[in-house]
Amino acid sequence: MATRVSILLPAYRAEATLAAALRSVQRQTETRWECVVVDDGSPDATGAIANGFAERDSRFLVLRMPHGGLVAALNRGIESCGSPLIARMDADDLMHRERLALQLRALDGDPSLDAVGCHVRLFPRATLAEGMRAYERWLSSIDSPGRVRAEAFVECPVPHPTLMIRSAILRQMHYRDRGWPEDYDLILRLLAAGNRIGVLPRRLHCWRNGADRLSRSSPVYAIERFTACKAAFLAEGFLSRSAEYVLWGYGATGKGLRRALLEYGRRPSHIVELHPARLGTRIHGAPVIPPE
């Protein structure tokens, strides 16, 4: 039976969570899948757990490589994905049993879609700070290709582990290590190339918010690296024909973006502010003006 979707699942030091993640894959109502587990040189039992699933279920394929990091593991896995669609999955997350079926239906039903994500439920809830709850609510407000594109420079509008994408496109794009989040980089490249990314407005993925996640522990995912990523794509896209722009707000976000864009020779012509002490002054040569 030909597979419809390859699940791309990199794993490193995942012995505590991998079995639950793989069981959630096995419970999918859509059964025409293969799961490519890339063990990124784990020193623990990650490889043994993955091999155990592969011995009992031939739909699991386990690749082992010397530890090279997430981007290398993802690109190694892409080479072995043999289906027309690739679905991302992380080794510490859980899939809703309908996730693959509903995402397949969405892509089959709209050939203009190049990829589709879904909403998430962050867990464990007991340790979830208000900032992450607000982030979860923001993600839940994104429900269409138009919203994905409109919100793309706020934050990454599609949680990477929820993405299902047409394989030919991902093989062409691959993942890049530019010193900033590889998932945000991929989404912005897809949008810059004119690809349409949809979002199913259902919580079909449980996204673990643990202290040891790369997004919490690696400097690649620090706020300033997200800002550097945004600045690069803004300079290459919206600001490709202009050395000047209007900067709204000069708090921490505005200051960081100004510094990052300066590396590309882009300077604010004006800074829009509400703070009365700043109005009428100049910041780095740019006049500070009210919103009106």
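Please read all numbers here as calculations on a predicted model, not as lab measurements.
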Problem set entry | Geometric cation-pi criterion, Arg121 with Trp207: 6.0 Å, 45° |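 So Arg121 doesn't make the cation-pi contact.
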Problem set entry | Phe53 six-ring centre to Arg56 NZ/CZ under 6.0 Å and within 45° of normal |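 Yes; both conditions hold, so Arg56 lies above the ring face of Phe53.
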Between [atom1] on residue [X] and [atom2] on residue [Y], distance to nearest 0.5 Å:
{"X": "Leu139", "Y": "Arg203", "atom1": "CG", "atom2": "CZ", "value": "10.0 Å"}
{"X": "Ile86", "Y": "Ile78", "atom1": "CD1", "atom2": "CD1", "value": "5.5 Å"}
{"X": "Ile165", "Y": "Met173", "atom1": "CD1", "atom2": "CE", "value": "7.5 Å"}
{"X": "Phe226", "Y": "Tyr184", "atom1": "CZ", "atom2": "OH", "value": "7.5 Å"}
{"X": "Trp33", "Y": "Leu85", "atom1": "CH2", "atom2": "CG", "value": "15.5 Å"}
{"X": "Leu186", "Y": "His160", "atom1": "CG", "atom2": "NE2", "value": "5.5 Å"}

Cluster check [X], [Y]: I/L/V/M/F/W/Y, side chain < 4.5 angstrom:
{"X": "Leu102", "Y": "Val120", "answer": "no"}
{"X": "Leu128", "Y": "Trp138", "answer": "yes"}
{"X": "Val199", "Y": "Ile187", "answer": "yes"}
{"X": "Val220", "Y": "Tyr175", "answer": "yes"}
{"X": "Val116", "Y": "Leu163", "answer": "no"}

Identified side-chain contact (heavy atoms from CB on, under 4.5 Å) partner of [X] from the options [options]:
{"X": "Ile7", "options": "Arg88, Met95, Glu34", "answer": "Met95"}
{"X": "Val158", "options": "Val148, Asp183, Leu190", "answer": "Val148"}
{"X": "Pro10", "options": "Val37, Leu70, Asn75", "answer": "Leu70"}

Exercise. Could you walk me through whether Tyr135 and Glu130 pass the side-chain contact (heavy atoms from CB on, under 4.5 Å) check?
Worked result: CA-CA 9 Å; Tyr135 178 51; Glu130 177 53 34; over 6 Å; no
[Y] backbone acceptor or donor facing [X] side chain under 3.5 Å:
{"X": "Gln28", "Y": "Ala101", "answer": "no"}
{"X": "Asp114", "Y": "Arg196", "answer": "yes"}
{"X": "Ser80", "Y": "Gly77", "answer": "no"}
{"X": "Glu136", "Y": "Leu122", "answer": "yes"}
{"X": "Ser240", "Y": "Gly237", "answer": "yes"}
{"X": "Glu15", "Y": "Ile49", "answer": "no"}
{"X": "Thr162", "Y": "Gly117", "answer": "no"}
{"X": "Asp90", "Y": "Asp93", "answer": "no"}
{"X": "Arg266", "Y": "Leu239", "answer": "yes"}
{"X": "Asp40", "Y": "Gly69", "answer": "yes"}

More than 12 heavy atoms of other residues, nucleotides or ligands under 6.0 Å from [atom1] of [X]: is that the case?
{"X": "Arg267", "atom1": "CZ", "answer": "no"}
{"X": "Arg171", "atom1": "CZ", "answer": "yes"}
{"X": "Gln172", "atom1": "CD", "answer": "no"}

Can [X] and [Y] be counted as an ion pair, charged N to O under 4.0 angstrom?
{"X": "Asp185", "Y": "Arg225", "value": "no"}
{"X": "Arg97", "Y": "Glu30", "value": "no"}
{"X": "Arg13", "Y": "Asp44", "value": "no"}

Can you name the nearest heavy-atom pair linking [X] to [Y], along with the distance?
{"X": "Ser83", "Y": "Thr3", "answer": "OG-OG1, 2.5 Å"}
{"X": "Trp180", "Y": "Ala232", "answer": "CH2-CB, 3.5 Å"}
{"X": "Val154", "Y": "Lys230", "answer": "O-NZ, 2.9 Å"}
{"X": "Cys35", "Y": "Val25", "answer": "CB-CG1, 4.4 Å"}
{"X": "Met65", "Y": "Val38", "answer": "SD-CG1, 3.7 Å"}
{"X": "Leu274", "Y": "Pro291", "answer": "CD2-CG, 3.6 Å"}

For this session: With side-chain contact (heavy atoms from CB on, under 4.5 Å) as the test, would you mind laying out the steps for Arg99 and Met89 before giving the verdict?
Result: CA-CA 11 Å; Arg99 179 191 156 188; Met89 176 65 174; 4.3 Å; yes
Problem set entry | Step-by-step side-chain contact (heavy atoms from CB on, under 4.5 Å) determination, Ile223 to Thr253 | CA-CA 9 Å; Ile223 291 176; Thr253 301; over 6 Å; no
For this session: Output, in order, the C-alpha distance, side-chain angles, deciding distance and verdict of side-chain contact (heavy atoms from CB on, under 4.5 Å) for Val36 and Leu9.
Result: CA-CA 6 Å; Val36 179; Leu9 195 159; over 6 Å; no
Exercise. Is the gap between the ring centers of Phe238 and Phe233 under 6.0 Å?
Worked result: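 So the answer is no for these two rings.
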For this session: For the pair Arg105 and Asp110, evaluate salt bridge (charged side-chain N to carboxylate O under 4.0 Å, His left out) and give the outcome as yes or no after the intermediate values.
Result: CA-CA 9 Å; Arg105 186 185 305 171; Asp110 187 351; over 6 Å; no
